[in-house]
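Step one of this worksheet: look at the structure below.
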Amino acid sequence: MSGLFKNAVNISHQVIAAVVEAGDIVVDATCGRGHDTIFLAQLVGEKGKVYAFDIQGIAIETTWELLQANKTLENVVLIKDNHSNLDSYIPQRIKACMFNLGYLPGGDHSIKTDKVNTLKALEKATKMLDNNGVITIVFYPGHSGGQEELNSMMVYLSELSQKDFEVSHVEFINQINDPPQITIVQKVLGGSK
Ligand SMILES: C[S@@+](CC[C@H](N)C(=O)[O-])C[C@H]1O[C@@H](n2cnc3c(N)ncnc32)[C@H](O)[C@@H]1O
C-alpha cells in the first residue's frame, strides 16, 4: 500500500496536473526517458507546446520514440542542448517547468545535472514563469554530488521574494537511503513582474 504522495516524482506530477491546462506552454528541463515529457504533452494537448531538453542524444531519441508510439509528438519540441540555454529556444512565458535532476536511469551515471547549469536554468525559468505558473525540482541527494546540488539550489530558492513566489519543499523524513526530495516554486498572482 502506498500513501497520498508516494514519492517526489509523483508529487511533481500532482502539482503540475493541478496547474497546467490545455493550450499551455511548458518545459521539461531534463527529458531523460520521456516520462515527464509525455505527461506534459498529454496535459497541454494539441494547442499547447512542450519544450523538452536533454544533453544526451540517447535521451532525445528515447523520448522521441515514446512520443511517437503514443502519437504525442506534434506539440513537443525536442532540444538536444543544455537546459541553461532554455531562454534561447522559448520566446513565450511558461506555465510550468519540470526539473528531474541527476542521471539517466539505465544510462551513463557520470553524465548528470550539475549545480552550475541547474542554477542558470532555474534562474531563467523563474524569470519566464507566468502568473500562477510552477517549477518543480526533484533532487536526488542519495546520488554522488546530489546533496551538493540540492544545497546550492536551496541558497537561491530560499532567497526568492515571498511577495512574488511561494516556495515549498517536501522530503520523506522517515525513509532510508536519502530518497528524492522536491521543491515547488509557484509565481504568486499579483506579485511584481
Ligand atoms: C533523472 S533523468 C530525467 C528523467 C526524465 N524526466 C524522465 O521522465 O524519464 C536526468 C536527465 O538529465 C539530463 N541532463 C543532465 N544535465 C543536463 C543539462 N545540463 N541540461 C539538460 N539535461 C541534462 C541527463 O542526461 C538525464 O537524461
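- For Lys95 and Asp130, the salt-bridge test fails: no basic side-chain N is under 4.0 Å from an acidic carboxylate O.
- A pairwise comparison of heavy atoms in Ala59 and Leu104 identifies CB-CD1, 4.4 Å as the closest pair.
- The closest side-chain heavy-atom distance from Ser161 to Asp164 is below 4.5 Å.
- Residues Thr113 and Glu149 bring a donor and an acceptor atom of their side chains to less than 3.5 Å of each other.
- Using a 3.5 Å distance cut-off with no hydrogens or angles, the side chains of Asn7 and Asn10 do not pair a donor with an acceptor.
- Take Asn75 and apply the side chain to side chain contact (heavy atoms under 4.5 Å, CB included) test, not counting sequence neighbours, and it matches Ala41, Val44.
- Between Gln181 and Leu150 there is a side-chain heavy-atom pair separated by less than 4.5 Å.
- Residues Val50 and Leu129 are members of separate hydrophobic clusters, defined by side-chain heavy-atom contacts under 4.5 angstrom among Ile, Leu, Val, Met, Phe, Trp and Tyr.
- With values rounded to the nearest 0.5 angstrom, Thr37 atom OG1 is found 9.5 Å from His35 atom NE2.
- With hydrogens and angles ignored, the 3.5 Å screen pairs a side-chain donor or acceptor of Gln186 with a backbone N or O of Asn132.
- The shortest distance between side-chain heavy atoms of Gln147 and Phe139 does not fall below 4.5 Å.
- No donor-acceptor pair closer than 3.5 Å links the side chain of Asp178 to the backbone N or O of Gly142.
- In this structure, the side chains of Lys187 and Arg93 come closer than 4.5 Å at one or more pairs of heavy atoms.
- Inter-residue side-chain proximity for Phe53 and Leu78 is flagged as unmet; no heavy-atom pair is nearer than 4.5 Å.
- His109 meets the ring pair (Phe, Tyr, Trp, His ring centres under 6.0 Å) test with Tyr103; sequence neighbours excluded.
- A side-chain donor from one of Asp36 and His13 sits under 3.5 Å from a side-chain acceptor of the other.
- Closest heavy-atom contact between Gly32 and Asp54: N-OD2, 2.9 Å.
- The number of heavy-atom neighbours closer than 6.0 Å to NZ of Lys80, taken from other residues, nucleotides and ligands shown, is 12 or below.
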**Message:** Working note: Val138 + Leu101, criterion side-chain contact (heavy atoms from CB on, under 4.5 Å); need CA distance, chi angles, decisive distance, verdict.
**Reply:** CA-CA 6 Å; Val138 174; Leu101 302 177; over 6 Å; no
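- Within a 6.0 Å sphere centred on CD of Glu148, heavy atoms belonging to other residues, nucleotides or ligands number 12 at most.
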**Message:** If you apply the rule side-chain contact (heavy atoms from CB on, under 4.5 Å), what do you find for Leu119 with Met153, and how did you get there?
**Reply:** CA-CA 6 Å; Leu119 180 60; Met153 294 321 117; 3.9 Å; yes
**Message:** Quick one, Leu157 with Ile137, criterion side-chain contact (heavy atoms from CB on, under 4.5 Å). Give me CA distance, side-chain angles, the key distance, then yes/no.
**Reply:** CA-CA 11 Å; Leu157 292 164; Ile137 311 137; 3.9 Å; yes
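- Closest heavy-atom contact between Ile90 and Ile94: CG2-CG2, 3.9 Å.
- No continuous path of hydrophobic side-chain contacts links Val77 to Ile60 [ILVMFWY only; heavy atoms under 4.5 Å].
- Other residues, nucleotides and ligands contribute over 12 non-hydrogen atoms within 6.0 Å of the CD atom of Gln175.
- The two residues Cys97 and Ala125 come nearest to each other via the heavy atoms SG-CB, 4.1 Å.
- Across every non-hydrogen atom of Gly133 and Val19, the tightest pair is CA-CG1, 4.5 Å.
- The two residues Lys112 and Ser144 make their nearest non-hydrogen contact at NZ-O, 3.0 Å.
- The side chain to side chain contact (heavy atoms under 4.5 Å, CB included) test applied to Lys127 returns no partner, not counting sequence neighbours.
- Checked against Val167 for a side-chain contact (heavy atoms from CB on, under 4.5 Å), the options Thr183, Thr126, Ile135 give a single hit: Thr183.
- The CG atom of Leu122 sits 12.0 Å away from atom OG of Ser84, with the distance rounded to the nearest 0.5 Å.
- Tracing side-chain contacts under 4.5 Å through hydrophobic residues (I, L, V, M, F, W, Y), one reaches Ile182 starting from Leu4; they form part of the same cluster.
- Here Ile55 contributes atom CD1 and Ile111 contributes atom CD1; the two are 6.5 Å apart, rounded to the nearest 0.5 Å.
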**Asked** Between Leu40 and Met98, does a side-chain contact (heavy atoms from CB on, under 4.5 Å) hold up when you go through it step by step?
**Response** CA-CA 9 Å; Leu40 288 168; Met98 299 183 79; 3.8 Å; yes
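- Surrounding CD of Glu166 are at most 12 heavy atoms belonging to other residues, nucleotides or ligands under 6.0 Å away.
- Atom CD of Glu46 is surrounded by 12 or fewer heavy atoms from other residues, nucleotides or ligands within 6.0 Å.
- Among pairs with a residue in residues 146-175, none fulfils ring-ring contact (aromatic ring centres under 6.0 Å, His included), at least two apart in sequence or across chains.
- The SG atom of Cys31 lies 12.0 Å from the CD1 atom of Ile38; values are rounded to the nearest 0.5 Å.
- At least one donor-acceptor pair closer than 3.5 Å links the side chain of Thr63 to the backbone N or O of Gly34.
- Criterion: ILVMFWY side-chain heavy atoms under 4.5 Å apart, direct or through other members. Under it, Val9 and Val134 are part of a common hydrophobic cluster.
- Side chain of Asp108 to main chain of Ser110: a donor-acceptor pair is present (N/O by atom type, distance under 3.5 Å, no hydrogens or angles).
- Defined by atom type and a distance below 3.5 Å, a donor-acceptor pair is present between the side-chain atoms of Asn100 and Tyr140.
- Heavy atoms of other residues, nucleotides or ligands lying less than 6.0 angstrom from NZ of Lys124 number more than 12.
- Residues Ile16 and Phe39 are in side-chain contact: their nearest non-hydrogen atoms beyond the backbone lie under 4.5 Å apart.
- For Phe99, the ring pair (Phe, Tyr, Trp, His ring centres under 6.0 Å) partners at least two apart in sequence or on another chain are His83.
- Contacts of Asn85 classified as side chain to side chain contact (heavy atoms under 4.5 Å, CB included), with partners at least two apart in sequence or in another chain: Asp81, Asn82, Ser88, Tyr89.
- No more than 12 heavy atoms of other residues, nucleotides or ligands lie within 6.0 Å of CD in Glu74, so this atom counts as exposed by the packing criterion.
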**Request:** List the steps and the verdict of side-chain hydrogen bond (donor to acceptor under 3.5 Å, both in side chains) for Thr72 and Asn70.
**Result:** CA-CA 6 Å; Thr72 46; Asn70 288 276; 5.6 Å; no
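- Grouping the Ile, Leu, Val, Met, Phe, Trp and Tyr side chains by contacts below 4.5 angstrom, directly or via other members, places Val27 apart from Trp64.
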